[in-house]
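First the structure, in the form of structure tokens, and then the observations on it.
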Amino acid sequence: MEQHSHGAGVPLQIRSERPKSTKVADFEPITIRDEQWRYLPVERLKGLEADALSEYLGDLQFEGGNSITTEWIGSDHALFGAAGTPEDRTSAASWESTDAAYLISVPAGPEEHAVLTVNSDDLTPSALHIVIESKLHAKGTVVIDHRGKGVLAENLEIVVGDESDLTVISIQDWKAGSVHTSAQFAKLGRNSHLKHVIVSFGGDTVRVTPSVSFSGPGAAVDLFGVYFADADQHLEHRPFVDHSQPNCTSRVTYKGALQGNKAHTVWVGDVLIRKEAEGTDTYELNRNLLLTDGARADSVPNLEIETGQIEGAGHASASGRFDDEHLFYLQARGINELEARRLVVKGFLNEIVQQIGIESIEDRLNKSIEEELKRSVK
Amino acid sequence: MATLEIKNLHVTVETEQGTKEILKGVDLVIRSGETHAIMGPNGSGKSTLAYSIAGHPKYTVTQGEILLDGENVLEMSVDERARAGVFLAMQYPVEIPGVSVSNFLRTAKTAIDGEAPALRGWIQEVRGAMDALKMDSTFTERNVNEGFSGGEKKRHEILQMELLKPKFAVLDETDSGLDVDALKIVSEGVNRVKAATGMGVLLITHYTRILNYIKPDFVHVFVAGKIAEEGGPELAERLEAEGYDRYVNA
Ligand SMILES: Nc1ncnc2c1ncn2[C@@H]1O[C@H](COP(=O)(O)OP(=O)(O)O)[C@@H](O)[C@H]1O
Ligand SMILES: [Mg+2]
């Protein structure tokens with residue numbers, strides 16, 4: 001296993017000093033000299049670097065239980081912007097290019113789950129704004145399933161009500177040619193819990209930036225991510241947890257597999273514990289499994305701590321080659337190479353996949369993993 | 001009746017100092033029902049022999065043959081060898097995160113038999129074998145070798161052997177790191193499988209202790225990549241008394 005290192009050249013930026021704005025003009029043009037974009041050449045954005053984007057016109061298909069409701073809200077609505085403010089240029093461009101957001105509300109009552117399928121079929125650089133809210137005492141799951149072909153800059157706000165327990169799963173399963181930047185903001189209310197699961201498999205370029213903040217004490221967030229990058233794919237995840245309230249907990253766990261030439265994944269995990277966030281307990285972890293030569297995983301954990309009064313804070317990051325000894329052990333029991341790889345990779349990713357808790361989605365992911373692996377083994 | 005033949009086996013491994021020959025002409029014939037003990041000092045190449053039989057990619061056969069009932073084993077992939085009936089109980093079994101023992105055992109059984117075992121009978125068979133090896137039933141829910149103690153790892157190897165029923169089992173220092181109770185349980189397991197299936201056993205060990213429980217038909221003293229002397233069980237007794245010095249300093 002190779003331990004992480006902070007690459008030379010681009011200075012790390014203190015998280016609390018980063019610009020936040022809903023205006024594109026407040027951000028510098030995108031270049032790899034900017035820490036936030038250092039791994040992502042602007043050419044890969046296929047038009048999302050523009051100042052203005054078209055409003056998303058593809059399909060939005062909602063399937064929910066009886067109580068989870070949806071509606072379009074204007075940018076003057078109290079929930080528009082309630083979870084966060086853009087921290088990068090594509091997020092701001094998306095913000096400025098949308099004057100309405102698709103709101104999904106999870107009320108208190110029986111636990112239900114809902115799926116919003118974002119199914120696009122054209123490559124016009126587009127903007128979409130989605131807001132998910134869970135009300136006081138609510139418990140439920142919302143899946144945002146991105147598929148089809150698209151070039152999409154998205155803002156996804158997650159407003160987690162006091163004492164509520166919300167699960168949000170964002171699947172990026174785009175067809176080749178697609179580009180997706182998704183700024184995801186979560187704001188957690190008092191004693192609430194958010195489980196946030198990112199699943200990134202398909203798309204030429206996918207960049208998800210989940211940013212978590214707290215509006216009350218005693219909340220807990222679990223951020224999970226699982227990704228599988230093939231040749232020439234760029235999958236980037238930058239979870240950020242901003243601890244500004246006392247006695248909150250965060251756990252960040254991302255795992256990825258890579259195979260093929262120029263398969264590239266990036267994970268930058270930031271945790272900031274502000275002075276007022278006494279009693280914080282945080283741990284972040286990223287592991288990558290490199291299945292072939294020519295793939296590259298960048299993994300950078302950052303922890304900034306401004307108070308000594310914390311419960312715990314730690315991080316771990318490691319990227320390793322596929323272990324031949326694993327393969328040998330399984331093959332020595334009669335299991336052929338494809339099956340052996342399948343077992344090892346599924347085993348490795350399973351820690352995250354099993355967090356999803358919705359069987360049909362878990363099955364679909366396991367199938368995708370198998371499809372991916374068939375491509376790499378003879 | 002099956003035969004595993006090793007003829008003039010030379011094996012090299014790549015090291016930082018270049019290619020190193022470890023096995024320097026090993027000859028050995030094992031038939032069904034026979035137990036051969038390979039005894040030798042550390043570093044003499046015992047594990048290299050075991051890995052070469054199983055087909056570990058790190059080891060290159062430069063000369064010689066391995067034949068299973070006349071079939072060229074060296075042309076087979078690792079999994080083909082296992083399906084042909086060769087089993088290696090490893091000295092250092094590796095952990096496989098996220099893969100449960102039950103999933104692993106079922107997948108291996110299916111691979112070896114060419115069809116999935118009938119579920120009900122299989123569960124009973126696994127449970128029975130685990131009981132016999134005094135393994136807790138919650139074991140199957142754990143990930144392969146993850147957090148297993150040394151003794152648990154070795155029992156798990158014997159469990160696999162019991163369930164996969166090979167023609168030939170190579171046991172690489174299965175006795176090392178076991179206390180007397182565990183050694184007995186593991187040895188009984190080997191004897192049980194041998195009695196039930198008539199498999200041939202290549203028992204690799206550094207110490208004579210396990211030979212009190214598993215009676216060898218033949219003893220081979222292994223030194224510097226070769227068999228230095230062969231004999232019956234009495235040879236083991238002599239090694240017990242004299243150690244390997246006589247061979248190493250020869
Ligand atoms: N993969 C390897 N790389 C380098 N040297 C090896 C490797 N495997 C074995 N050796 C060397 O070969 C010799 C025999 O090793 P081994 O077969 O493990 O002996 P034994 O099992 O008898 O203790 C030792 O000197 C060991 O260092
Ligand atoms: Mg050894």
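Chain naming here is simple, since letters A, B, ... match the order of the sequence lines and numbering starts at 1 in each. Small disclaimer: the values here were computed from a predicted structure and weren't measured.
Put simply, of Asp324(A), Leu330(A), Leu343(A), Asp323(A), the one with the most heavy-atom pairs under 4.5 Å next to chain B is Leu343(A). Most heavy-atom pairs under 4.5 Å with chain B: of the set Ala332(A), Gly334(A), Ala340(A), this distinction falls to Gly334(A). Listed options Val144(B), Val86(B), Val99(B) were ranked by heavy-atom pairs under 4.5 angstrom with chain A; first place goes to Val99(B). Top candidate by heavy-atom pairs under 4.5 Å with chain A, chosen from Thr110(B), Ile96(B), Leu164(B), is Ile96(B).
Between atom CD of residue Glu95(B) and atom OH of residue Tyr329(A) there is a gap of 11.0 Å, rounded to the nearest 0.5 Å. Summarising the geometry, atom CZ belonging to Arg83(B) is positioned 10.0 Å from atom CD1 belonging to Ile335(A); distances are rounded to the nearest 0.5 Å.
At a 4.5 Å heavy-atom cutoff, the contact between Leu88(B) and chain A is made by backbone and side-chain atoms alike. With a 4.5 angstrom heavy-atom cutoff, Asn103(B) touches chain A only via side-chain atoms. Neither the backbone nor the side chain of Glu146(B) comes within contact range of chain A, judged by heavy atoms closer than 4.5 Å. Proximity to chain B (any heavy atom under 4.5 Å) is shown, for Gln354(A), by neither the backbone nor the side chain. Contact annotation for Lys58(B): only side-chain heavy atoms (C-beta onward) come within less than 4.5 Å of a heavy atom of chain A. Both the backbone and the side chain of Asn336(A) come within contact range of chain B, each with at least one heavy atom under 4.5 Å from a heavy atom of that chain. For Glu80(B), no part sits under 4.5 Å from any heavy atom of chain A, backbone or side chain. Pro166(B) does not touch chain A: none of its heavy atoms, backbone or side chain, sits under 4.5 Å away.
Looking at Pro97(B) and His326(A), their side chains come closer than 4.5 Å, going by heavy atoms from C-beta outward. Tyr92(B) is not listed as a side-chain neighbour of Glu325(A), based on a closest heavy-atom distance of 4.5 Å or more.
The aromatic rings of Phe328(A) and His56(B) sit tilted, their planes meeting at an angle between 30° and 60°.
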